[in-house]
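What follows is a short report on a single structure.
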Amino acid sequence: MATLSTNRVPGETLGHGPGAPPDPRSPVLSLRDVRISDQADGREIVHGVSFTLTPGKVVGIVGESGSGKTITCRAALGILPAHFEVTGGSIEIHGTDIAELSPARWTALHGLTISAVFQDPASYLNPSIPVGAQVAEVVRVKKRLGRGAARRRAVELLRAVHLREADLVYGQYPHELSGGMLQRVLIAAAIAADPRILIADEATTALDVTVQAEILDLLADLRERTGMALVVVSHDLAVVAQLCDEVLVMRQGEVVEHGPTGRVLHAPRHEYTQLLIAEHERYGLEKFLDPKLDPKEEA
Ligand SMILES: Nc1ncnc2c1ncn2[C@@H]1O[C@H](COP(=O)(O)OP(=O)(O)OP(=O)(O)O)[C@@H](O)[C@H]1O
């Protein structure tokens, strides 16, 4: 998993130097008409996705299962599955086309500039190493801190993701923690090197509603405090409504609608978006339509 990668490449970052304040207008991630194909059978899986992330901005991607949300994120992270390829358009991180990046530069980028949290946190952690040591390892490698300093920073990070008794949690093994706690550990590891972009792919899906709300608050807080930009993939419109400035609606590899969250949720133009919203309403997720997001309410 990229988040916990421990390879070190000295002297490589991309665009964003340590301590350099992010320019709020300068894109950190741009996808332009990105097409992705499965080279095994020549099928095009994603048929043109475009969006731009600037510091502190949150873009949501929603859509039915298999519509290409994860594959799009994996392309931006440079971790497409074997035989998948970007076959059209471009992906730029801090203005550099990722097609030009060597594997070594990717290693340097992961964690420092772009990072990710996926569903099923247990599968990304080593079961035989205490969770705190795994976070500390990311800090040690990516921030080049000594063991003691990395340990202290890891405890701080565990505290920052609102894990109570962070010192105690540091020494615990993955099987001793709940799903919500493991997801927080993964977020701590993902933000350990202060990335400019965090991709959260169904990161709260498996969690109960209360824990989910806490993790969404945590992500909103990080965005606020650090200017980290986020891509949030979710099948849950409530999550998108709470967190995202902009939303893309995908179906069968195509973006059928893209716009400001308030406009898309309150005045959906595409019939598929209308269907998604109707389904959410049918299942009683009435709260996702926050009146504050309704453009009509702003008038
Ligand atoms: N590792 C893989 N090998 C082969 N095909 C894959 C792989 N990952 C995804 N696909 C295919 O690519 C298409 C898009 O999948 P993707 O995982 O991006 O969808 P998704 O919108 O994220 O779905 P979900 O909401 O279920 O996660 C699907 O047809 C899927 O079967």
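Whatever order the structure lists them in is the order used to number ligands and atoms, beginning at 1. Position 1 is the first residue of the sequence, and the numbers go up from there. None of these values were measured; they are calculated from a predicted model.
Side-chain contact annotation: Asp201 with Thr70, donor-acceptor N/O pair under 3.5 Å present. Side-chain N/O atoms of His162 and Glu214 include no donor and acceptor closer than 3.5 Å.
The side-chain hydrogen bond (donor to acceptor under 3.5 Å, both in side chains) pairs that include a residue from residues 168-177 number zero, where partners must be two or more places apart or lie in different chains. Sorted by first then second residue, the side-chain hydrogen bond (donor to acceptor under 3.5 Å, both in side chains) pairs that include residues 38-52, not counting sequence neighbours, are Arg35-Glu44, Asp38-His83, Gln39-Glu85, Asp41-Arg43, Glu44-His47.
At a 4.0 Å heavy-atom cut-off, the residues surrounding ligand 1 are Ile45, Glu64, Ser65, Gly66, Ser67, Gly68, Lys69, Thr70, Ile71, Pro81, Phe84, listed by chain and number.
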Name each donor-acceptor pair under 3.5 Å that joins a side chain in residues 71-82 to protein atoms two or more places apart or in another chain, with its distance.
unit_1	atom_1	unit_2	atom_2	d
Thr72	OG1	Gly68	O	2.7
Arg74	NE	Ile79	O	2.8
Arg74	NH2	Ile79	O	3.0

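Looking only at side-chain heavy atoms (C-beta outward), Pro121 and Met181 stay at 4.5 Å or farther from each other.
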